[in-house]
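Remember, it's a predicted structure, so these values are computed and weren't measured experimentally. Just so it is clear: chains get the letters A, B, ... in the order the sequence lines come, proteins before strands, and each one is counted from 1.
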Amino acid sequence: MTTPDSIRTAANRYGFMLQICCLQSPISYTLARPVHAHMIASGFQPRGHILNRLIDIYSKSSKLNYARYLFDEIPQPDIVARTTLIAAYSAAGDLKLSRKIFSDTPLRMRDSVFYNAMITAYSHNHDGHAAIELFCDMQRDNFRPDNYTFTSVLGALALVAEKEKHCQQLHCAVVKSGTGFVTSVLNALISSYVKCAASPSAQSSSLMAEARSLFDEMPNRDELSWTTIITGYVKNNDLDAAKEFLNGTSKKLGVAWNAMISGYAHRGLYLEAFEMFRKMIMSKIQLDEFTFTSVISVCANAGCFRLGKEMHAYFLKTVANPAPDVAMPVNNALITFYWKCGKVDIAREIFNKMPERDLVSWNIILSRYVNVGCMDEAKSFFNEMPEKNILSWIIMISGLAQTGFAEEALKFFNRMKLQGFDPCDYAFAGAIISCSVLGSLKHGRQLHAQVVRYGHESSLSAGNALITMYARCGVVDAAHCLFINMPCVDAVSWNAMIAALGQHGQGTQAIELFEEMLKEGILPDRISFLTVISACSHAGLVKEGRKYFDSMHNVYGVTPDEEHYARIIDLLCRAGKFSEAKEVMESMPFEPGAPIWEALLAGCRIHGNIDLGIEAAERLFELKPQHDGTYVLLSNMYAVAGQWNDMAKVRKLMRDRGMKKEPGCSWIEVENKVHSFLVGDANHPEVRQIYNYLEQLVLEMRKIGYVPDTKYVLHDVESDLKEHELSTHSEKLAVAYGFMKLPHGATVRVFKNLRICGDCHNAFKFMSKVVGREIVVRDGKRFHHFRDGKCSCGDYW
DNA sequence: GTAGGGTTAG
C-alpha cells in the first residue's frame with residue numbers, strides 16, 4: 001500500500017464509497033464510518049477531496065466537532081474545506097465561527113463559491129444587511145457573482161428594511177451579470193418581488209405585476225417557478241389568481257397545493273381549504289407532513305373532531321415510521337387539535353410521548369394554558385420549559401396582560417430583556433397593554449420611547465397598543481395624534497381610536513371617525529360595531545346607535561351576536577327606552593343570557609325601574625349566582641329608592657351565598673409609583689394628611705354649593721356618619737392625593753376598578769372648580785373629564 | 001464546497 005499507484009487506487013475506491021454515502025438522503029454517517037475506519041486501519045492518509053468529503057459528511061451528521069478536528073489536522077486547509085466548514089457552522093447557527101473561518105482565509109485563496117457560502121451563512125442566520133454588504137465586498141474584491149450568489153443574496157432581502165430598493169438594485173445587477181435568463185435566478189427574483197409586495201406598506205399590486213411579468217417572460221420554467229408565483233399570490237391575498245395558476249398547469253406541485261390550503265385556512269375559509277385538500281387527493285398529489293399539518297390545523301379551528309381524528313389515523317397509515325422531523329410538526333398540530341376539541345388528556349399524551357420536541361411543541365402547550373386562562377399552570381409550565389424563544393415570552397406577557405395581571409406582565413417583559421431577548425413589537429404590545437390596564441401613563445410613555453428606539457414605530461401591533469394605552473390613560477389627544485401619524489393602519493387601529501373617543505364621551509367624534517373608516521373602504525368587523533354602538537351609548541346617541549345596529553347585518557353582513565344585542569339594550573335602557581329594549585330582546589334569535597340581563601339591570605338602576613330591575617336580577621341570580629355585581633346593583637337600587645329592608649335582604653342573600661362585594665379600589669400614579677386606595681383606607685403612609693386635606697377641601701366646596709348626597713351610602717346609618725363614609729371613598733382619597741403630590745396645575749388622573757360613585761362624581765365637579773384643575777377619572781366603564789365644574793359625560797353614564 | 005417554494009406556537 002505504499003506505491004503511488006496503490007495509493008491512487010485506494011483513493012479512488014475510498015472516494016467512490018464516500019460519494020455513495022453523500023448520495024444518501026440524509027447523508028449517511030453510518031455508511032461512512034466504516035469506510036473512514038478502514039482508512040485508519042490500513043494506514044491510508046486521507047487528503048484533498050477525500051478529506052474534504054469526510055469533513056462534509058461529519059459536519060452534516062451532527063458530528064461538527066469531529067469535522068473540526070479533521071479540519072485542524074490539515075496543515076493548509078484548501079478553499080473547499082473552508083467552504084464546507086463555513087456552511088456547517090452556519091447550519092448549526094454559529095455565525096461567529098463561520099465568520100472566523102471566512103476572515104482567516106487570505107484573499108488570494110478565495111473564490112466565488114466561498115463568498116456564496118458566507119452570504120448564505122448570513123442570510124440563514126437572519127443578518128440580511130451583512131449578506132448584502134458581503135455581496136458588495138465580493139464585487140469590490142473582483143469576484144464575479146454567479147447564479148448561486150444571486151439566489152443567496154436575494155433570499156436575504158426578506159430580512160431587511162427598504163426591500164424594494166434593494167430588490168430593484170439586485171434586479172439590475174442580475175441583468176448586468178448575464179444571469180438574467182437563468183431559471184433559478186429568475187425564481188429568486190420573482191420570490192423577492194413577492195416578498196416586497198407582501199410587506200405592509202408596499203404598493204402590492206405593481207410589485208406583484210412585476211413578479212408576474214418576470215414569470216411570463218421566463219424562457220424556461222421549472223416546478224419551482226410555478227410554485228413561487230402561486231405561493232406569491234397566496235401571500236398577497238389573491239387566492240383566486242393562485243387557483244387559476246394551479247389549474248393552468250399539469251405539474252404536480254405539492255408545495256403550491258399546501259400553500260393554498262394554508263392560505264384558505266389563515267383566512268378562515270375552512271370549506272375552501274377542505275375542498276382544496278379533496279382535489280389534491282383526486283389529482284393524486286403526494287400528501288406530505290405539511291399537508292397533514294395544515295389540514296389538522298383546519299380541523300382544530302373549524303372544530304371538526306371526527307375529520308381530525310380520521311386525518312390522524314390517515315397520517316399514521318400513510319407515513320409509517322416517520323422521521324422525527326416529519327412527525328414533529330404533525331404531532332404539534334395534533335396537540336392543538338385535541339386540546340381545542342376538549343381532549344386535553346390526549347393532547348398531553350401526544351406531547352409526553354413525542355420522542356423529540358421542538359420549541360413549537362412547548363409553546364403550543366403554553367399558549368393553550370394561557371388561552372383557557374389557566375395562568376398558574378402556564379407559569380409553572382413556562383418554568384419547566386428547557387428552552388424558550390421570544391414567542392414563549394410573548395405568550396406569557398400578552399396572556400398576563402389580557403387576564404389583568406398587568407404588573408406581572410411587566411415583570412415578565414423586564415425578565416425577558418434581562419435574558420438577552422430584544423423585545424419585538426408584539427412583546428412591546430403586551431407590555432403597553434399592561435400599562436393601559438394599570439393606567440400607568442409614565443411607564444407607557446417610556447415604553448413608547450423604547451418602541452421608537454428599537455425601530456418598531458411603524459409596527460401595527462405596537463401602534464395599536466399605544467393608541468389603547470394613551471386612551472385608557474386618559475390622554476385621548478395623544479392617542480389621536482399617534483393614530484393620525486401611523487404609516488399604515490388596519491381595522492384594529494380604527495376600532496381602537498373609535499373606542500378611545502367613545503370611552504371619553506366624544507360620541508359624535510367617534511361616529512365621524514367610524515364614517516371616515518367606511519369612506520376609506522375599511523370593512524367594519526364585529527368589534528367595530530361593538531365599539532361604535534358603545535360610543536353612541538355613552539353619549540346618549542340613541543338614534544345613531546340604532547341605525548348602526550340595524551345596518552350591521554343588512555349592509556355589512558356582520559351577524560349581531562349576544563354582545564351586540566347587549567350593547568344595543570344598554571343604549572336603549574340608559575336612555576330609559578325600556579319598551580324598545582324589550583322589543584329588541586324579543587326579536588333576538590336566542591334566549592337572553594347574562595350580558596343582556598346585565599345591560600337591562602344597569603339601565604334599570606339608572607332610571608330607578610325597580611320592577612324590571614328585579615326581574616333582571618333574578619334571571620342573573622340563576623345564570624351567574626356567583627357574580628357579585630348583580631347583588632350590588634340590586635342593593636344599590638333599593639338603597640337609592642330608600643327601601644332599606646329590601647336592601648338588607650339582598651345583602652343577607654349575598655352573605656348566605658358566601659359572596660363578598662368586590663371592594664372599590666382607586667389608584668393614581670405619582671412619581672413613577674402607583675398608589676392605591678380602598679374605601680376608608682388606613683394603610684397609606686400619608687393617610688392623615690390626605691384626610692385633613694380632604695376635610696379642608698370639602699369646606700371650600702360647600703361654600704359654592706356642594707351638598708354630600710347621602711343616598712350613595714349603602715348602609716342605613718345616621719346622617720353625619722353617612723357623610724363621613726362618603727368622604728372616604730377610594731376615588732376621593734386618590735384624587736386628593738393627586739392634588740397634594742402632583743405638580744401644580746397638572747391634570748389628576750385617577751383609576752377605579754368599579755363604577756364611580758354618584759356623590760364622588762358630583763364632588764369632583766366642585767373640586768375641579770375650587771382647585772382650578774382638571775380631573776380625569778377612569779372607572780370600570782368609561783372616562784369622566786372634570787373641568788370647571790362640569791363633567792364630559794354630561795352626567796349621562 | 002455554495003441557492004431558491006409550503007406546516008404547527010402569537
Can you tell me the distance, in whole Å, between the CZ atom of A:Arg368 and the C1' atom of B:dT8? 12 Å

Ring-face cation of A:Lys417 near A:Phe412 (centre distance under 6.0 Å, axis angle within 45°): no

Under 4.0 Å, heavy atoms only, any strand: does A:Asn52 hit a base, just the sugar-phosphate, or nothing? nothing

Just to be sure I understand the rule, does A:Asp222 reach a base, reach only the sugar-phosphate, or reach nothing, if contact means heavy atoms closer than 4.0 Å? base

Nearest to the side chain of A:Lys195, heavy atoms from C-beta on, is which of B:dG1, B:dG5, B:dA3? B:dG5

For A:Phe428, enumerate each residue passing the ring pair (Phe, Tyr, Trp, His ring centres under 6.0 Å) test, keeping only those at least two apart in sequence or located in another chain. A:Phe413, A:Tyr454, A:His456

Residues forming a ring pair (Phe, Tyr, Trp, His ring centres under 6.0 Å) with A:Tyr314, sequence neighbours excluded: A:Phe292

Classify A:Lys388 by what it touches in the nucleic acid, base, sugar-phosphate, or nothing, heavy-atom distance under 4.0 Å. nothing

With a 4.0 Å cut-off on heavy atoms, is A:Ile335 in touch with a base, just the backbone sugar-phosphate, or nothing at all? nothing

Among B:dG10, B:dG5, B:dA3, the nucleotide that comes nearest once only the side chain of A:Ser367 is considered: B:dG10

If you go through the side-chain atoms of A:Asp111, does one of them form a donor-acceptor pair with the base of B:dG1 closer than 3.5 Å? yes

At under 4.0 Å, does any side-chain N or O of A:Ser191 touch on OP1 or OP2 of B:dG5? no

Taking B:dG1, B:dG5, B:dG10 as options, the one with an atom nearest any side-chain atom of A:Leu224 is B:dG5

Which nucleotide, B:dT2, B:dA9, B:dG5, lies nearest any side-chain atom of A:Ala87? B:dT2

If we ignore angles and hydrogens, is there a donor and acceptor under 3.5 Å between the side chains of A:Asn464 and A:Ser493? yes

Minimal heavy-atom distance between A:Lys388 and A:Asn383, with the atoms involved, is NZ-O, 4.4 Å

A:His266 side chain N/O closer than 4.0 Å to the phosphate oxygens (OP1, OP2) of B:dG10? no

Residue list, ring pair (Phe, Tyr, Trp, His ring centres under 6.0 Å) with A:Phe405, at least two apart or on another chain: none

For atom CG of A:Leu334 and atom C1' of B:dT8, their distance in whole Å: 10 Å

Non-hydrogen atoms of A:Phe143 and A:Ser112 that approach each other most closely: CB-OG, 4.0 Å

Which ones in residues 229-250 of chain A lie close to DNA chain B, meaning a heavy atom under 4.0 Å from one of its atoms? A:Lys235

Atom CG of A:Asp146 and atom P of B:dA3: how far apart are they, to the nearest Å? 12 Å

Check every strand shown and say whether A:Ile364 touches a base, only sugar-phosphate, or nothing at a heavy-atom separation below 4.0 Å. sugar-phosphate

Tell me every residue that passes ring pair (Phe, Tyr, Trp, His ring centres under 6.0 Å) with A:Phe215, counting only those two or more places apart in sequence or in another chain. A:Trp226, A:Phe245

Can you confirm whether or not the ring centre of A:Trp362 sits under 6.0 Å from the ring centre of A:Phe351? yes

Do A:Thr228 and B:dG5 have a side chain to base donor-acceptor pair shorter than 3.5 Å? no

With heavy atoms under 4.0 Å as the rule, sort A:Asn331 into base, sugar-phosphate or nothing. nothing

Closest to side chain of A:Thr227, choosing from B:dG1, B:dA9, B:dG5: B:dG5

Which one, B:dT2, B:dG10, B:dT8, comes nearest to the side chain of A:Thr83? B:dT2

So, with a heavy-atom separation below 4.0 Å from DNA chain B, the residues of residues 116-133 of chain A are A:Asn116, A:Thr120, A:His124

Does a salt bridge link A:Lys252 with A:Glu223, judged by any charged N lying under 4.0 Å from a carboxylate O? no

Planes under 30° and centres closer than 5.5 Å, is that true for A:Tyr148 with the base of B:dT2? yes

With the side chain of A:Lys60 defined as its heavy atoms from C-beta on, choose the nearest nucleotide among B:dG5, B:dT7, B:dG1. B:dG1

